[in-house]
Colleague: 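Following this message is one structure expressed as structure tokens.
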Amino acid sequence: MAVPTLVSEAADVVGGRRGSTNSVRNHGIDWLLFGPAIILLLWGLKLAASACYNVILHPLKRIPGPWPAKVMPFYLTSAEAKLDRAQVLLKLHRKYGSSVRIGPNEVSIGDWRLYREIYGGSVPTRKTHSYDIGNFLGHHNIFSFIDKAQHRARRKMQSQPYSLQAIYENEPLIASKADVMVRRMIDLARQPTSGGTVEAYRLCGLFSLEVILKCAFNREYGEAIDGESWEFLQAMDEGAMSLAIRTVVPFLKPSVGRRLPGFVGHAFHQFDKWHSMTSKLCQDFMRTESSMDKTQRFLTTPLLTNKDDYLGRKLTQGEVDEEAMGIAFAGSGTTSTTMTYLLYALSRPEGQRIQKTLRLELNTAGETLRELQDLPYLNAVIKETMRVFPTIISTLPRILEAPLTINDNLVLPAGTVVGMQNLVHHQDPDLFPEPEKFLPERWLDAKANKDMNTALTPFSIGTRNCLGQNLARAEVYLATAKVFKRLSLTLSELMTVQDMKMDDRFNVVPHSRKLLLNVEAI
Ligand code: HEM
């Protein structure tokens, strides 16, 4: 018996050892199985707790909105991916009213009366970090600065050539580019293969870029529609995609991005091209013009010659390039989209009567900017274009630095992200009956209706309003006058409504990126 006992003891010992090995393994397996489950459970509990807080206890709990938006910050992600953010916000405002909670800590405001509070400085606000996407080379620029003192100094440093006085001095430069656009339309319409049809979106893009190249760098690339201006425009347009890619994949270094195949690599290469073309423009301007330009009417002169008070010094080459890329970017897509939609609105069948009324007015007036700015119908057409087709269509997000009262019993606390979008308050049916219709006449007695003018905010207001608005307005007045004095336009039957859907890329881009017009010289 002793042997079996010994044997069994030995077996027990071995079995025991085996048992402990198994138990270690089993624990390992248990941990492998249950560990992630526990982590998931804890994560789920945390989400549930924060969802309960967001819905039941959050200071924004009384702001109406779709419930998923109250719980998670991704409610608008799919709309953003479909380039429909502003349109979805318009629908939400129609459903929920003038304030809509669109994220746990974010509220969209649709009441035009609050624009002044949020952007005009009545309540202190600052830009959010979403503006980092406009930081091209990592130096920050006038558009992307969040810090107020840095922004103030940079704006003061470069504002002189954007003044109305400087724009009047540059009027011949702008007018000459508008003449080029009209010439191109006539020449293209006369080409035997065109059948009188012209793709005008590209021409509007070239016009606004060439104005910037001239007014910023005193540079002309010639009149060919596929020359260096077009190369620059494409590099900028496609290169900007790399900024969006880097926002989604922040760890993707440009040195790696350039090596990737397909559209990602292409976007990084185009960005480099845009950068090097801009840098060369700045250096050429510095060599040939800046010392001679005592008037400071070129947009780049102050960047090269003035001191930034915040930095206490002039800008480095990298900082100059950063600002100059911003000027080209902010100054071209915006004006070109506005011109594109103005031509579209007037060339549609329902726009023919507007075109005729406008032409009658233009034929009785002079051609200078000052004279054009006094024409009631031209003013009405431009305002209505900016109302129905606001090129900065999307939210301008701000963080409240003090509480904001949005109605008698609702207050948004400091720290809330708020934003308004032109597409929403420009469609207010109380101020603009039949808001979707393009009716310039609604502006003709606008003096009687001060509110309509207050609610029209294409260039925003306050310290972060559009620095280039005098230039942009001059471009639109001069180009519209020249086009409709010399040309009669009808929309090509090949165009669909979907082609001109406003894609919300912050700045509008027509969905098909084309505007086919039948052009007849008068
Ligand atoms: C129709 C044409 C244009 C429209 C509708 C427009 C609209 C706007 C809007 C709404 C903003 C404020 C953006 C925000 O707060 O996030 C802005 C900012 C800006 N725009 Fe324009 N813009 C136009 C043309 C131009 C042009 C031609 C230039 C210059 C050449 C320009 C330069 C700028 C700059 C530098 C800023 C940033 C200002 C700052 O933060 O201090 N824009 N623009």
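Position 1 is the first residue of the sequence, and the numbers go up from there. Ligands are counted one by one from 1 in listed order, and the atoms in each one are counted from 1 as well. Excluded from the calculations below are hydrogen atoms, water molecules and symmetry mates; all remaining heavy atoms, backbone and side chain alike, are included.
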Colleague: Give the residue and atom name of whichever protein heavy atom lies nearest to atom 13 (C) of ligand 1, and the separation in Å to one decimal.
Modeller: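 Protein heavy atom with the smallest distance to atom 13 (C) of ligand 1: F143 CE1, 3.9 Å.
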Colleague: Shortest non-hydrogen contact from Q160 to A166?
Modeller: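 Closest pair (atom of Q160, atom of A166, distance): O-CB, 3.8 Å.
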Colleague: Using 4.0 Å as the upper bound for N to carboxylate O, is an ion pair formed by E319 and R313?
Modeller: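 Yes.
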Colleague: R184 and salt bridge (charged side-chain N to carboxylate O under 4.0 Å, His left out): which single residue from E223, E210, E199 fits?
Modeller: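 The salt bridge (charged side-chain N to carboxylate O under 4.0 Å, His left out) with R184 is passed solely by E210 among E223, E210, E199.
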Colleague: What part of I142, side chain from CB on, backbone N/CA/C/O, both or neither, has a heavy atom under 4.0 Å from ligand 1?
Modeller: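 The part of I142 near ligand 1 is both the backbone and the side chain.
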Colleague: Near P458, which atoms of ligand 1 are under 4.0 Å from a heavy atom of that residue?
Modeller: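 Under 4.0 Å from P458, ligand 1 has these atoms: 5 (C), 7 (C), 10 (C).
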Colleague: Just distances here: any N/O of R464 and N/O of ligand 1 closer than 3.5 Å?
Modeller: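 Yes; the residue has a nitrogen or oxygen that sits under 3.5 Å from a nitrogen or oxygen of the ligand.
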Colleague: I need the contact type for Q469 against ligand 1. Using non-hydrogen atoms and a strict under-4.0 Å cut-off, is it side chain, backbone, both or neither?
Modeller: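 Neither; nothing of Q469 gets under 4.0 Å from ligand 1.
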Colleague: Is any N or O atom of T391, backbone or side chain, closer than 3.5 Å to an N or O atom of ligand 1?
Modeller: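 No - when backbone and side-chain N and O of T391 are compared with those of ligand 1, no distance drops under 3.5 Å.
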Colleague: Would you call E350 and K437 a salt bridge, taking side-chain N to carboxylate O under 4.0 Å as the test?
Modeller: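 K437 and E350: not salt-bridged.
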Colleague: Hey, which of L456, T457, D428 is the one that makes side-chain contact (heavy atoms from CB on, under 4.5 Å) with W112?
Modeller: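 It is D428, the one option of L456, T457, D428 that forms the side-chain contact (heavy atoms from CB on, under 4.5 Å) with W112.
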Colleague: How about R154 and L311: do any of their side-chain heavy atoms sit closer than 4.5 Å?
Modeller: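 The answer is yes, as the side chains (C-beta and beyond) meet within the 4.5 Å cut-off.
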Colleague: Hey, what's the ring geometry for F432 with W443, parallel, tilted or perpendicular (30° and 60° as the breaks)?
Modeller: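 Aromatic pair F432/W443 classed tilted.
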Colleague: Which atoms from ligand 1 have a heavy atom of R155 less than 4.0 Å away?
Modeller: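 What qualifies from ligand 1 is 38 (C), 39 (C), 41 (O).
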Colleague: Y131 near ligand 1, heavy-atom distance under 4.0 Å?
Modeller: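 Heavy atoms of Y131 do come under 4.0 Å of ligand 1.
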Colleague: Please work out which of the three classes, parallel, tilted or perpendicular, describes the rings of H275 and F271, given edges at 30° and 60°.
Modeller: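 Tilted, since the angle between the ring planes falls between 30° and 60°.
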Colleague: Taking only heavy atoms of I392, which atoms of ligand 1 are found under 4.0 Å from at least one of them?
Modeller: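 In order of numbering, the contacting atoms are 7 (C), 8 (C), 9 (C), 10 (C).
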Colleague: In the protein, what heavy atom is nearest to atom 41 (O) of ligand 1, and what distance, to one decimal place, separates them?
Modeller: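 Result for atom 41 (O) of ligand 1: H151 NE2, 2.6 Å.
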Colleague: Please state which part of N465 comes within less than 4.0 Å of ligand 1, counting heavy atoms only: side chain, backbone, both or neither.
Modeller: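 It is the backbone that touches ligand 1; the side chain stays farther off.
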Colleague: Between F389 and Y344, how do the two ring planes meet: parallel, tilted or perpendicular, split at 30° and 60°?
Modeller: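 Plane angle over 60°, so perpendicular.
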Colleague: For ligand 1, indicate whether the residue F506 contacts it via side chain, backbone, both or neither (heavy-atom separation under 4.0 Å).
Modeller: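 Only the side chain of F506 comes within reach of ligand 1.
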Colleague: Once you round to the nearest 0.5 Å, how far does OG1 of T288 lie from CG of N218?
Modeller: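 Going from OG1 on T288 over to CG on N218, the span is 7.0 Å.
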Colleague: Can you tell which part of R398 has a heavy atom less than 4.0 Å from ligand 1: side chain, backbone, both or neither?
Modeller: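 It is the side chain that touches ligand 1; the backbone stays farther off.
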Colleague: Nearest to atom 1 (C) of ligand 1 by heavy atom, T337, T338, N141: which?
Modeller: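 That would be T338.
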Colleague: Quick check on contacts: which atoms of ligand 1 are under 4.0 angstrom from a heavy atom of I212?
Modeller: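 Listed by number with element: 30 (C).
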Colleague: For atom 4 (C) of ligand 1, what is the closest protein heavy atom, and at what distance to 0.1 Å?
Modeller: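 The closest one turns out to be F459 CE2, 3.4 Å.
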Colleague: Under a 4.5 Å cut-off applied to non-hydrogen side-chain atoms, are L346 and V381 in contact?
Modeller: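 Touching, per the 4.5 Å side-chain cut-off.
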Colleague: Would you mind checking which non-hydrogen protein atom is closest to atom 36 (C) of ligand 1, with the distance to 0.1 Å?
Modeller: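 Its nearest protein heavy-atom neighbour is L467 N, 4.1 Å.
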Colleague: Considering non-hydrogen atoms of the protein only, which is the closest contact for atom 26 (C) of ligand 1, and what is the distance?
Modeller: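 Looking at atom 26 (C) of ligand 1, the protein heavy atom closest to it is G331 CA, 3.4 Å.
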Colleague: Who's closest to atom 8 (C) of ligand 1 heavy-atom-wise, of C466, S460, G134, G468?
Modeller: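 Considering heavy atoms of C466, S460, G134, G468, the nearest to atom 8 (C) of ligand 1 sits in C466.
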Colleague: Could you identify the single nearest non-hydrogen protein atom to atom 24 (C) of ligand 1 and state the distance to 0.1 Å?
Modeller: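 Of the protein heavy atoms, T334 OG1, 3.2 Å lies nearest.
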Colleague: Is any NZ, NE, NH1 or NH2 atom of the basic residue among E220 and K177 found under 4.0 Å from an Asp or Glu carboxylate oxygen of the other?
Modeller: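 Looking at E220 and K177, the cut-off is met.
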